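Small disclaimer: the values here were computed from a predicted structure and weren't measured.
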Amino acid sequence: MIKITFPDGSVREYDSGVTGLQIAESISSRLAQDVLACSINGKTIELNRPITEDAEFTLYKWDDAEGKHAFWHTSAHLMAEAIQELWPGTQFGIGPAIENGFYYDVMPPAGVTIREEDFVKIEKKMAELAQRKESLVRKPITKAEALNFFGNLGQTYKNELIEDLEDGSITTYTQGNFTDLCRGPHLQNTAPIKAVKVTAVSSAYWRGDEKRPMLTRVYGITFPKKKLLDEYLAMIEEAKRRDHRKIGKEMELFMFSEMVGKGLPMWLPKGTMLRLKLEEFLKEIQKRFGYQQVITPHIGSKNLYITSGHYAKYGKDSFQPIHTPEEGEEYFLKPMNCPHHCAIYGWKPRSYKDLPLRIAEFGTVYRYEQSGELHGLTRVRGFTQDDAHIFCRPEQVKDEFLRVMDIILIIFRALNFENFEAQISLRDKVNREKYIGSEDNWEKAEQAIIEACEEKGLPARIEYGEAAFYGPKLDFMVKDALGRRWQLGTIQVDYNLPERFQLEYTGTDNQKHRPVMIHRAPFGSMERFVAVLIEHTAGKFPLWLTPDQAVILPISDKYNDYAKDVCARLEMAGVRASVDDRSEKIGRKIRDNELKHIPYLLIVGEKEAETGTVAVRKQGEGDEGVMAIEDFAKKVGDIVADMTKNF
RNA sequence: GCCGAAAUAGCUCAGUUGGUAGAGCGACUCAUUCGUAAUGAGUAGGUCUGGGGUUCGAGUCCCCAUCUCGGCUCCA
């Protein structure tokens with residue numbers, strides 16, 4: 001008999017050799033039906049693997065990450081089997097489960113290219129194979145046997161993988177006619193795979209190395225129920241609907257121009273209004289938190305970046321220097337604001353009484369991102385950081401962290417980012433020689449960050465080895481309505497730049513000391529933040545932020561003058577409104593969603609013109625009745641005041 | 001940067017094996033003066049991203065460039 005301990009701590013006894021499935025059956029038949037994999041002592045295994053020792057035991061269903069992982073990993077094998085049947089002679093690379101589904105890197109036989117047109121063929125074959133309910137048979141195999149087996153099949157990529165494995169740890173899994181090198185875990189058979197979708201085909205270098213051959217990467221996703229697949233596809237559609245590039249065009253927020261250059265966004269009037277609102281909002285908060293605004297130039301001399309160390313590190317892969325008529329004189333577009341701010345700090349002697357010194361700037365920076373990496377507003381070559389640098393004494397780090405966190409939390413609350421999490425990036429636990437700064441200061445700062453998160457009640461994940469060489473950091477991620485994770489705000493401690501720029505302050509002891517520098521950007525960049533905000537809200541910005549709070553629609557040309565009058569009176573009362581008098585087809589405009597991003601539609605006609613009123617329709621909520629112009633303005637004003645009272 | 005796929009009117013897209021460039025929406029004009037998911041008629045808009053080539057003939061086939069998209073890699 002062996003003792004099996006369940007996650008709730010209860011213990012049951014089973015015969016040695018019992019399988020996960022049998023344990024599930026002993027609990028309930030329903031559970032046995034739903035369960036996909038299990039784990040013993042934290043290691044996920046198949047349901048049909050005999051358990052021969054006392055163990056901590058967990059069952060995984062679809063809702064568990066481990067269950068999905070086994071499901072999709074098995075699906076990857078299933079897709080490989082399908083591809084092997086469709087294109088015999090295909091060589092296989094690796095085929096892991098990923099966050100949403102799985103992929104397999106394959107090298108089809110010469111002359112074959114897998115294209116989108118082939119997806120249905122692959123899906124059908126996979127569904128057909130899944131219905132055979134083939135078991136996945138696990139087999140330990142020696143290294144020599146493995147090399148021989150895959151060598152005979154001509155699977156050179158597999159053999160390369162095997163070379164790196166340790167003899168005795170190698171297993172294969174076989175379902176039907178397909179055998180794959182794999183350590184598992186898997187479903188015990190392919191029967192639960194009920195809905196199959198091949199989602200994309202792309203290419204990827206073998207082992208991510210651009211000098212190695214290029215394999216075809218086929219992406220797919222599978223589900224135990226067709227309904228789940230439909231939901232997933234609906235979610236993808238929703239994501240497309242929310243795409244900030246699409247909404248940005250519809251709302252006329254920003255544009256790109258081939259002539260200006262790729263990755264260089266231009267903010268249109270409405271987008272600029274939105275951005276300026278955000279900037280004002282943050283400036284107001286920063287004023288309260290003791291920041292001073294500065295402005296620095298868009299270029300800096302080569303010497304500045306040699307001092308900062310960026311020249312040595314990034315010179316070649318960046319925008320190339322700007323030359324002047326003077327021989328040998330070089331300037332660079334600034335890739336960050338820190339060196340300029342360091343220069344401001346160093347401009348005059350500083351006392352401990354001056355610290356913390358907080359200098360802020362909406363600083364536009366230019367970085368030569370790889371062309372393939374550019375994406376809408378989220379990845380661009382010129383963007384504006386809501387940057388600030390805090391110069392403080394080491395013992396002030398925690399306090400400053402708390403204050404920056406306050407700012408970030410105010411912003412998140414104001415913009416309804418409810419699902420956010422934090423990641424603390426600390427030093428590697430072992431290799432510490434690569435980090436600059438004293439052990440004492442690092443220790444202090446790392447503790448400060450952890451404590452600050454605890455004090456704020458912020459659930460934070462600690463990642464060791466993720467810190468930059470110059471200091472630990474805290475990043476904020478928000479999850480949008482589709483569960484996608486976005487990195488926004490960041491707070492970073494820096495011991496490096498103060499050192500390089502020889503920044504000092506005079507302490508109470510009348511000695512010179514090195515200040516600590518904190519970089520922080522609550523939005524990250526205006527571009528990326530607006531992109532995330534668009535996708536998060538699907539273009540329905542909070543009323544205080546949206547470029548158009550109301551559009552006035554005269555029911556006919558006769559009331560155009562009245563509409564303009566309404567608009568003027570609303571603007572005087574602080575409501576951002578515009579008139580749309582291009583035609584009288586109000587109904588169709590509403591139906592065609594031409595006005596879908598406008599919170600309030602105000603319809604005016606004879607009755608309204610006579611009584612000085614507007615007929616108010618709140619988008620998505622319906623008619624709110626006829627009200628006096630000033631009453632509507634007050635209503636909007638009240639809503640905005642209510643939204644912004646906590647800022 | 002690499003691999004692949006696109007690029008046609010302001011927008012969304014169609015354009016069959018190479019044979020006169022299309023639709024819907026939008027814009028404009030005229031009529032209609034209309035109350036919340038479709039008023040009617042008409043007009044204007046395109047060197048089919050740019051440049052070469054093949055061909056009697058190229059939106060369509062080939063080459064090069066640009067930009068966009070999906071990935072890879074990268075991200076101070």
Length of the [atom1]-[atom2] vector between [X] and [N], whole Å:
X        : N     : atom1 : atom2 : value
A:Ile247 : B:C11 : CD1   : P     : 18 Å
A:Lys262 : B:A7  : NZ    : P     : 18 Å
A:Asn100 : B:G71 : CG    : P     : 12 Å
A:Lys596 : B:C25 : NZ    : C1'   : 13 Å
A:Tyr559 : B:C34 : OH    : C1'   : 10 Å
A:Glu258 : B:A65 : CD    : P     : 14 Å
A:Leu377 : B:U68 : CG    : P     : 12 Å
A:His375 : B:U68 : NE2   : C1'   : 11 Å

Counting any heavy atom closer than 4.0 Å, what does [X] reach on the DNA or RNA strands: base, sugar-phosphate only, or nothing?
X        : value
A:Phe256 : nothing
A:Lys249 : sugar-phosphate
A:Ala615 : base
A:Arg245 : sugar-phosphate
A:Glu608 : base
A:Glu606 : base

request  = Could you please name the option among B:C72, B:G35, B:G1 that lies closest to any side-chain atom of A:Ile603?
outcome  =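 Nucleotide nearest to A:Ile603's side chain: B:G35.
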inquiry  = Of the options B:G35, B:G1, B:U36, whose atoms approach the side-chain atoms of A:Ser371 most closely?
reply    =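 Of all the options, the side chain of A:Ser371 is nearest to B:G1.
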inquiry  = Which heavy atom of A:Asp243 sits nearest to which heavy atom of A:Arg245, and what is that distance?
reply    =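 In terms of heavy atoms, the two residues are closest at OD2-NH2, 2.5 Å.
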task = Could you tell me which non-hydrogen atom of A:Gly220 sits nearest to which non-hydrogen atom of A:Thr199, and how far apart they are?
result =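 In terms of heavy atoms, the two residues are closest at N-OG1, 3.7 Å.
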Just name whichever nucleotide pairs with [N], Watson-Crick or G-U, keeping both distances under 3.5 Å, else none.
N     : result
B:G70 : B:C3
B:G19 : B:C56
B:A31 : B:U39
B:A76 : none

ask   = Which residue, A:Leu553, A:Val566, A:Ile552, forms the side chain to side chain contact (heavy atoms under 4.5 Å, CB included) with A:Val614?
value =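 Output: one option passes, namely A:Val566.
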Compute the ring centroids of [X] and [Y], then answer whether they are less than 6.0 Å apart.
X        : Y        : answer
A:Phe92  : A:Tyr104 : yes
A:Phe223 : A:Tyr232 : yes
A:Tyr366 : A:Phe383 : no
A:Phe391 : A:Tyr345 : yes

message = Check the orientation of A:Phe523 and A:Phe529. Use parallel for under 30°, tilted for 30 to 60°, and perpendicular for over 60°.
response =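 If you compare the ring of A:Phe523 with that of A:Phe529, the planes turn out tilted.
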Provide the distance between the two [atom1] atoms, one in [N] and one in [M], to the nearest whole Å.
N     : M     : atom1 : answer
B:G22 : B:G1  : P     : 38 Å
B:A27 : B:G70 : C1'   : 34 Å
B:U47 : B:G51 : C1'   : 12 Å
B:C25 : B:U16 : P     : 24 Å
B:U8  : B:G59 : C1'   : 7 Å
B:C3  : B:A76 : C1'   : 28 Å
B:U55 : B:C61 : C1'   : 10 Å
B:C13 : B:G52 : C1'   : 29 Å

ask   = Between A:Lys635 and A:Glu624, does at least one N-O distance fall below 4.0 Å, as a salt bridge requires?
value =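 Between A:Glu624 and A:Lys635 there is a salt bridge, with a charged N closer than 4.0 Å to a carboxylate O.
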message = Do the side chains of A:Lys596 and A:Glu250 get close enough for a salt bridge, i.e. N-O under 4.0 angstrom?
response =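 The answer is yes: the pair qualifies as a salt bridge.
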Can you give me the N/O atom pairs linking the protein to nucleotides 74-76 of chain B at distances under 3.5 Å, or say none if there are none?
from, atom 1, to, atom 2, distance (Å)
B:C74, N3, A:Glu373, OE1, 3.3
B:C75, N1, A:Arg379, NH2, 3.4
B:C75, O2, A:Arg379, NE, 3.3
B:C75, O2, A:Arg379, NH1, 2.8
B:C75, O2, A:Arg379, NH2, 2.7

key: Chi-based syn or anti call at B:G59, which uses purine or pyrimidine torsion atoms and a 90° bound   =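 Anti conformation for B:G59.
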message = Heavy-atom nearest nucleotide on RNA chain B for A:Gly605 versus A:Asp243: which residue maps closer to 5'?
response =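 The residue mapped nearer the 5' terminus is A:Gly605.
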key: Comparing A:Ala204 and A:Lys607 on RNA chain B - which has the more 5′ nearest nucleotide   =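 Comparing both residues, the 5'-ward one is A:Lys607.
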